[in-house]
Amino acid sequence: MSVLAIEAAGPGVTLQDGGRKGYLRFGITAAGPMDPLMFATANRAVGNPLDATAIEVSTGGLTVTAPEGPLGLALVSGGFRATLDGEALPPACALTLEPGQTLTVRAGPTGAWGYLAVAGRLDVAPVLGATATHTRSGLGGLDGRGLRAGDRLGVSEARVGDGAPQRLLAPWLDRDPSRIRVVLGPQDDYFSGDQVAAFLAGPWTVSPRGDRMACFLEGTPLTHAKGHDIVSDGVAMGAIQVPGNGLPIILMADRQSTGGYPKIATVIGPDLGRLAQAQGGTRIAFANVSVAEAVAARRAEAEALRGEVPREPMLRTDFPAEFLLGLNLVGGVTDGRDGIAKVA
Amino acid sequence: MSAAPRILDAGEAALVVEFGTRVDPAISDRVLALDDALLAERPEGIAETVPTYRSLMIHYDPLILDRDTLAGRVLALAGGASQRDTAPTRWILPCCYEAPHGEDLAAVATQIGRTPEQVAALHAGATFRVYMYGFAPGFAYCGGLPEALAVPRRPSPRPPHPTNAVMIGGGLAAVATVPMPTGWYVLGATPSRLYAPEREESFFVSPGDSIRFEPIDAATFARLAEREAAGERVARREEGVS
């Protein structure tokens, strides 16, 4: 059997699949990818089912090898810096990792999450029907924890790609993080009209303290018209709750299944990923859309994922000189497994 | 005939069917009756449903099931059923209020001017209704707490509670499976595991079921916890009571 060996992994690198389904009623969160569209794109690029298990790479970075035999891989990220044996790769690429080669992925100028999909099947035992890792409850993935150096992931039915690395062209991932579409509610009636308007207009700044559970926003606090306590009810991914301090919290993949703060609006499914990719300090505003508009956006997304992910050969001239130079300059600080191991 | 529920959008892939805004057994019954009806009918496109105190959240795939079609079906079903067809199961869970399990028993006793034994007796004498799960895997929110035990939640969280803690706070009761910091008070612990991911039936208590706690001593707790760990389910169904 082929093996994907984890040589180094920063905090927050986990195995995810399409998410745990059917257990929300028992308090089990779905987990699953923070950026569902990018995750699905990575799986599509290697010919896997769209919800197959893949590695979600955090800004903590990841280094992998293929000690037992070549592996076909797709790496899809917003702006992460990836290298194959030190040679720069595009942030979205398909490649074959040969024994002896090392693939390294590190945080870059943009993006908060990337996805590494393996052509074939990562052999991870599902728990409650899914492999998605929910570290807070120690569920799924490898023993409910993030990946770390020394982990070896078996790969069944491994397939290899053809030759040199190729750039993946997925224009649907060019998303503007500054404008996030929402459907108002379910508790927008806990806020006066001018507060709903203030919420939409923002601007809000994404706090750096966000994680897989929630995205915290900073800005002018909102005020509640009917108090900030409600009797707990269900929480969808993307629900924007406004607690007593008036600063919105957007509940993400590892959210709790129920909550007791009014939810002024809900981020539409197609915009969850662009929000998840916003690094701390990003300024955002919201746009109120109808359910019908949100469904149309969802349909367009499904359409984009229907076909193959286009690819083109990678040329050295793809990379501007400053970019290559930048890699060399930071190489001594963050390159290699030692730099990543320190934060693991 | 009860009033029609409010249908609220939680994005384009979930509806909240709201029957009220309070913790109330009659509201919960309507939530669960609708949940039963939807589970029986299983319209294509419904991903899953989440009953809560006062509303049912329906996650659906809007590319398969149109929002207004779903809302119409929900209103029709909600109008037809306000009572559940099936009687909820009544469970008896062993509970040890003794040290080291009843960590906060004395604190609650002091707050309400009773002895720790009286607090335990009040809790063990009550029948609780499981309204919903939430917060953490297998965290069961229960109503039915005697008025005398209705202490507010802690102003700040206490250190993580032990596994399978039996807790009260804010007028409610809970069984908490996974250790976490909490604003509730730990009155005891049950050897019964409401959540066991490796067990074929990972969860056996459903929202709407009732729970009574049967006091056991620390030695019995240890014995039952061993049996539970070996795969047995030490919780019992209460028979012959309606």
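Proteins get letters first, then strands, A, B, ... in listed order; numbering begins at 1 in each. In this text, all values refer to a predicted model and were calculated from it rather than measured experimentally.
Once rounded to the nearest 0.5 Å, the distance linking CG of B:Leu63 with CD of A:Glu303 reads 10.0 Å. Once rounded to the nearest 0.5 Å, the distance linking CG of A:Asp233 with CE of B:Met57 reads 6.5 Å. Between the OG atom in A:Ser290 and the CZ atom in B:Arg67 there is a gap of 11.0 Å [rounded to 0.5 Å]. In this structure, the separation between CZ on B:Phe139 and OG1 on A:Thr258 is 9.0 Å, given to the nearest 0.5 Å. Note that CZ of A:Arg20 and CD of B:Glu48 are 11.5 Å apart. Values are rounded to the nearest 0.5 Å.
Neither the backbone nor the side chain of A:Ala265 comes within contact range of chain B; no heavy atom of the residue lies under 4.5 Å from a heavy atom of that chain. Proximity to chain B (any heavy atom under 4.5 Å) is shown, for A:Val295, by both the backbone and the side chain. Neither the backbone nor the side chain of A:Ala239 comes within less than 4.5 Å of any heavy atom of chain B. When heavy atoms are compared at a cutoff of 4.5 Å, A:Glu293 does not approach chain B at all. Within the 4.5 angstrom heavy-atom criterion, atoms from both the backbone and the side chain of B:Glu12 approach chain A. If you measure heavy-atom distances from B:Arg6 to chain A, the contacts under 4.5 Å come from the side chain alone. Heavy atoms closer than 4.5 Å to chain B are found nowhere in A:Asp188, neither backbone nor side chain. If you measure heavy-atom distances from A:Val235 to chain B, the contacts under 4.5 Å come from the backbone alone. With a 4.5 Å cut-off on non-hydrogen atoms, B:Ala136 touches chain A through its backbone but not through its side chain.
Taking 4.5 Å as the heavy-atom cut-off, none of the residues of residues 154-188 of chain B approach chain A. Residues of residues 192-202 of chain B having a heavy atom under 4.5 Å from any heavy atom of chain A, listed by number: B:Tyr195, B:Pro197, B:Ser202.
Looking only at heavy-atom pairs under 4.5 Å with chain B, the residue among A:Ser232, A:Gly185, A:Ala292 that has the most is A:Ser232. For the set B:Val16, B:Leu56, B:Thr52, B:Val205, the count of heavy-atom pairs under 4.5 angstrom toward chain A peaks at B:Thr52. With respect to chain A, the highest number of heavy-atom pairs below 4.5 Å among B:Ala47, B:Ala13, B:Gly11 belongs to B:Gly11.
No more than 12 heavy atoms of other residues, nucleotides or ligands sit less than 6.0 Å from atom CD of B:Glu226. Within a 6.0 Å radius of OH in A:Tyr190, more than 12 heavy atoms belonging to other residues, nucleotides or ligands are found. Residue-environment remark: CD (B:Glu41) exceeds the threshold of 12 foreign heavy atoms within 6.0 Å. Environment of CZ in B:Arg233: crowded, with over 12 heavy atoms of neighbouring residues, nucleotides or ligands closer than 6.0 Å.
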Could you list the donor-acceptor pairs under 3.5 angstrom formed between side-chain atoms of residues 135-147 of chain A and any protein atom two or more places apart in sequence or on another chain?
unit_1   : atom_1 : unit_2   : atom_2 : d
A:Arg136 : NH2    : A:Asp211 : OD2    : 2.8
A:Ser137 : OG     : A:His134 : ND1    : 2.6
A:Arg145 : NH1    : A:Asp151 : OD2    : 2.9
A:Arg145 : NH2    : A:Asp151 : OD1    : 2.9

Check: residues 21-44 of chain A side-chain donor-acceptor pairs under 3.5 Å, at least two apart:
unit_1  : atom_1 : unit_2   : atom_2 : d
A:Lys21 : NZ     : A:Gly18  : O      : 3.3
A:Lys21 : NZ     : A:Gly19  : O      : 3.4
A:Arg25 : NH1    : B:Asp35  : OD2    : 3.1
A:Arg25 : NH2    : B:Asp35  : OD1    : 2.9
A:Arg25 : NH2    : B:Asp35  : OD2    : 2.8
A:Arg25 : NH2    : B:Thr49  : OG1    : 2.7
A:Thr29 : OG1    : A:Arg255 : O      : 2.4
A:Asp35 : OD1    : A:Leu37  : N      : 3.4
A:Asp35 : OD1    : A:Met38  : N      : 3.1
A:Asp35 : OD1    : A:Arg175 : NH1    : 3.1
A:Asp35 : OD2    : A:Arg175 : NH1    : 3.4
A:Asp35 : OD2    : A:Arg175 : NH2    : 2.6
A:Asp35 : OD2    : A:Gln277 : NE2    : 2.9
A:Thr41 : OG1    : A:Leu37  : O      : 2.7
A:Thr41 : OG1    : A:Trp172 : NE1    : 3.0
A:Asn43 : ND2    : A:Leu50  : O      : 3.2
A:Asn43 : ND2    : A:Ala52  : O      : 3.0
A:Arg44 : NE     : A:Leu305 : O      : 2.7
A:Arg44 : NE     : A:Gly307 : O      : 3.2
A:Arg44 : NH2    : A:Leu305 : O      : 2.8
A:Arg44 : NH2    : A:Arg306 : O      : 3.4

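Nearest heavy-atom pair, A:Ala236 versus B:Ala10, reported as atom, atom and distance to 0.1 Å: CB-O, 4.1 Å. Considering all non-hydrogen atoms of both residues, A:Arg299 and B:Pro62 come closest at NH2-O, 4.5 Å.
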